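In this text the structure is predicted, and so the values were computed from the model without any measurement. Index from 1, following the sequence.
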Amino acid sequence: MKKKIGLLKPSARSDSNYRLYSSKDVQRIEKIASYREAGLSLESIADILDSNESESATVLEERLINLNKEISQLRQQQRVVEMLGHNSLIRTAKTMNKEQ
């Protein structure tokens, strides 16, 4: 999948046609992995890697805004489930908070 959108291209090929990656390529792979861990799409990662720092910050800020919205929606769902299960066996389940 990374090959289709050009996130990572090998620096060279061996005589046996194996992909060869430089230390700079490995650093790029590590950045890609970190951005994926942050929940960014491969397309967003490509935008970040191919843009300047200001544009990268915009993509990351948009991700943070979306994460905050998702967290808010999940907390609302959590409250509804707690309310619905107030008199049931759900009382034994722990509610997640900011620290967890």
Between side-chain atoms of residues 39-49 and protein atoms elsewhere (two or more places apart, or another chain), which donor-acceptor pairs fall under 3.5 Å?
| unit_1 | atom_1 | unit_2 | atom_2 | d |
| --- | --- | --- | --- | --- |
| Ser41 | OG | Ser44 | N | 3.0 |
| Ser41 | OG | Ser44 | OG | 3.1 |

Applying side chain to side chain donor-acceptor pair (under 3.5 Å), which residue pairs with at least one partner in residues 23-33 are found, sequence neighbours left out? Ser11-Asp25, Ser22-Asp25
What residues form a side chain to side chain contact (heavy atoms under 4.5 Å, CB included) with Glu55, not counting sequence neighbours? Ser51, Asn52
Can you name the residues that form a side chain to side chain contact (heavy atoms under 4.5 Å, CB included) with Asn17, not counting sequence neighbours? Arg13
Check the pair Gln77, Leu74 against side-chain contact (heavy atoms from CB on, under 4.5 Å), reporting the backbone distance first and the verdict last. CA-CA 5 Å; Gln77 290 175 13; Leu74 288 170; 3.8 Å; yes
To the nearest 0.5 Å, atom CG of Leu67 lies from atom CG of Leu60 at 10.5 Å
In chain order, what residues pass the side chain to side chain contact (heavy atoms under 4.5 Å, CB included) check against Gln76, with sequence neighbours excluded? Arg79, Val80
Tell me every residue that passes side chain to side chain contact (heavy atoms under 4.5 Å, CB included) with Ser72, counting only those two or more places apart in sequence or in another chain. none
Salt bridge (Lys or Arg N to Asp or Glu O under 4.0 Å) contacts touching residues 60-69 (sequence neighbours left out): Arg63-Glu70
To the nearest 0.5 Å, what is the distance between CG (Leu8) and CD1 (Ile29)? 4.5 Å
Side-chain contact test, heavy atoms from C-beta onward, threshold under 4.5 Å: evaluate it for Pro10 versus Leu20 and give yes or no. no
For the pair Ser16 (side chain) and Tyr18 (backbone), establish whether a donor and an acceptor sit closer than 3.5 Å, ignoring hydrogens and angles. no
First locate atom OG of Ser56, then atom CG of Asp50, and finally report the distance between them rounded to the nearest 0.5 Å. 9.5 Å
